[in-house]
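Accompanying notes for the structure given below.
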Amino acid sequence: METSAYGASLAGGAFDFWSYIKRPQTIARLFSWLFAIVVFATIVSEGYMNEQHEDVTKCIFNKNDGACSYGIGVGILAFLACVVFIVLDAYFPQISSASDRKYIVLGDLCFSGVWTFLWFVCFCLLANQWSHTTQTLIQADAARAVVAFSFFSTATWALLTMFALQRYRQGINEVGLGYNDPTSDQTSPYPSAYTGAPEGYQQSPFAASPAGGQGGYQPPAY
C-alpha cells in the first residue's frame, strides 16, 4: 500500500529537475521571485532623487519615503521567502514525516496569504502616491514599473496561496488494494442465515405420531 501526503508520495524517489521546473507551483514561485527583485531593485536604484539645490534625496512617489521603504521591505522579504520555499519544494518529496510536511504546507499557506495582502497594499499605496506626484525630472518609467510589478506580485502570490491550500486539503491518502468486508462477500462459504436443510440430509428415524405422543422407531429407508 502506497501513502501520499500533501501532494507527494511518502515512498520518496529520485529528484526530477525537469518535472519540478514544469510544475505550476514552481513557475509561480519563480515569477514571484523575479517580480520581487524588480520591485525592490528598481526602488533602490532609481526610486530616490534630489531636486535642484537640495542635497537630501526623496522618494519619487510623492516624496513619501515611507512608500519606498515599504516597497523595499516587502520585496526583499518576498525574495528571501521565495528562495526558501523553492528549496523546500525541491526537497519536499524526500521528507518522510507527514507531520513535517504538514507544517511546511501550513507555513507556505500562511505566508503566501499574508504576502498576497501585503503586495496588494503595496500596489495601492504606490499607485496612490504616484497619482499625487507633481515633481519634475523623475524616472517615470521606473515608477510605473514598480507599480505594475507590485500588481503582478499580488497575482502570483494569490496563485501560490491557492496551490498551498490545495496541497493542505489533500492531506494524507492511502492508495492500495483495499480491504473487503467478508460479511458482504456473496461467495463466502459461510451462509449469513439458515435457509434450509443441507443437501443429503435424511429425516430422523424417530418420527412423531399424529396423535401427539412419542413416535415409534421407524427403520430408515435404503
Side-chain angles (χ1 to χ4, degrees), residues 2-48 59 65-126 142 145-173:
E2 182 180 356
T3 303
S4 62
Y6 303 100
S9 175
L10 281 177
F15 175 70
D16 189 350
F17 176 77
W18 294 112
S19 298
Y20 169 72
I21 289 295
K22 293 177 182 179
R23 290 175 56 193
Q25 185 175 10
T26 304
I27 296 174
R29 193 91 68 189
L30 292 174
F31 273 110
S32 300
W33 173 77
L34 179 62
F35 295 162
I37 294 176
V38 173
V39 171
F40 80 79
T42 303
I43 295 177
V44 169
S45 61
E46 301 181 23
Y48 293 90
C59 178
D65 292 338
C68 285
S69 298
Y70 182 85
I72 293 173
V74 172
I76 290 177
L77 291 177
F79 165 77
L80 296 176
C82 285
V83 173
V84 172
F85 283 114
I86 285 173
V87 175
L88 287 177
D89 288 342
Y91 186 66
F92 193 82
Q94 309 301 323
I95 300 175
S96 59
S97 175
S99 60
D100 292 342
R101 290 188 178 189
K102 179 180 179 180
Y103 294 141
I104 293 174
V105 173
L106 277 177
D108 186 11
L109 176 61
C110 295
F111 189 91
S112 298
V114 170
W115 244 250
T116 300
F117 173 76
L118 293 181
W119 273 121
F120 180 73
V121 172
C122 183
F123 164 73
C124 294
L125 175 62
L126 296 179
V146 171
V147 174
F149 281 97
S150 297
F151 176 78
F152 297 155
S153 296
T154 303
T156 55
W157 281 94
L159 284 176
L160 291 174
T161 304
M162 182 187 68
F163 291 143
L165 182 60
Q166 289 178 348
R167 284 205 301 178
Y168 180 75
R169 286 180 174 177
Q170 286 179 352
I172 301 175
N173 298 317

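Counting from 1, the numbers follow the sequence of the chain as shown.
You'll find the ring centres of F117 and F120 outside the 6.0 Å limit.
Smallest separation of non-hydrogen atoms from C68 and G47: SG-O, 3.7 Å. Taking every heavy atom of both residues into account, P93 and R101 meet most closely at O-NH2, 3.2 Å. Of all heavy-atom pairs between A164 and D108, the closest is CB-OD2, 3.8 Å. Residues G71 and F40 share a closest heavy-atom pair of O-CB, 4.4 Å.
One distance of note links OG1 of T26 with CZ of F163; it measures 9.5 Å at 0.5 Å rounding. Distance check, rounded to the nearest 0.5 Å: CD of Q170 to CD of Q166 gives 7.5 Å. L109 contributes atom CG, which lies 12.0 Å from atom CE of M162 (distance to the nearest 0.5 angstrom). Distance check: Y168 OH to L165 CG gives 9.5 Å after rounding to the nearest 0.5 Å. Residue I72 holds its CD1 atom at 4.0 Å from OH of Y48, rounded to the nearest 0.5 Å.
Contact annotation: the side chain of V121 approaches that of Y70 to within less than 4.5 Å [non-hydrogen atoms, C-beta and beyond]. The shortest distance between side-chain heavy atoms of F149 and L34 does not fall below 4.5 Å.
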Exercise. Can L118 and W115 be said to form a side-chain contact (heavy atoms from CB on, under 4.5 Å), step by step?
Worked result: CA-CA 5 Å; L118 293 181; W115 244 250; 3.6 Å; yes
For this session: Decide yes or no on side-chain contact (heavy atoms from CB on, under 4.5 Å) for F111 and F85, but give the supporting numbers first.
Result: CA-CA 10 Å; F111 189 91; F85 283 114; 4.1 Å; yes
Problem set entry | Stepwise side-chain contact (heavy atoms from CB on, under 4.5 Å) test for L159 and F31 | CA-CA 11 Å; L159 284 176; F31 273 110; over 6 Å; no
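Both tests hold for R167 against F92: distance to the six-membered ring centre under 6.0 Å, angle to the ring axis within 45°.
Residues R23 and D89 are not paired through a salt bridge, judged by the lack of any N-O separation under 4.0 Å between the basic side chain and the carboxylate.
Sorted by first and then second residue, the pairs that involve residues 149-158 and meet side chain to side chain donor-acceptor pair (under 3.5 Å), not counting sequence neighbours, are S32-T156.
By the side-chain contact (heavy atoms from CB on, under 4.5 Å) test, A158 is found to be paired with T116, residues two or more places apart in sequence or in another chain being considered. Judged as a side-chain contact (heavy atoms from CB on, under 4.5 Å), and not counting sequence neighbours, the contacts of V147 are F61, F123, L126, A127.
Proximity of a side-chain donor or acceptor of T161 to a complementary backbone N or O of S112 within less than 3.5 Å is detected.
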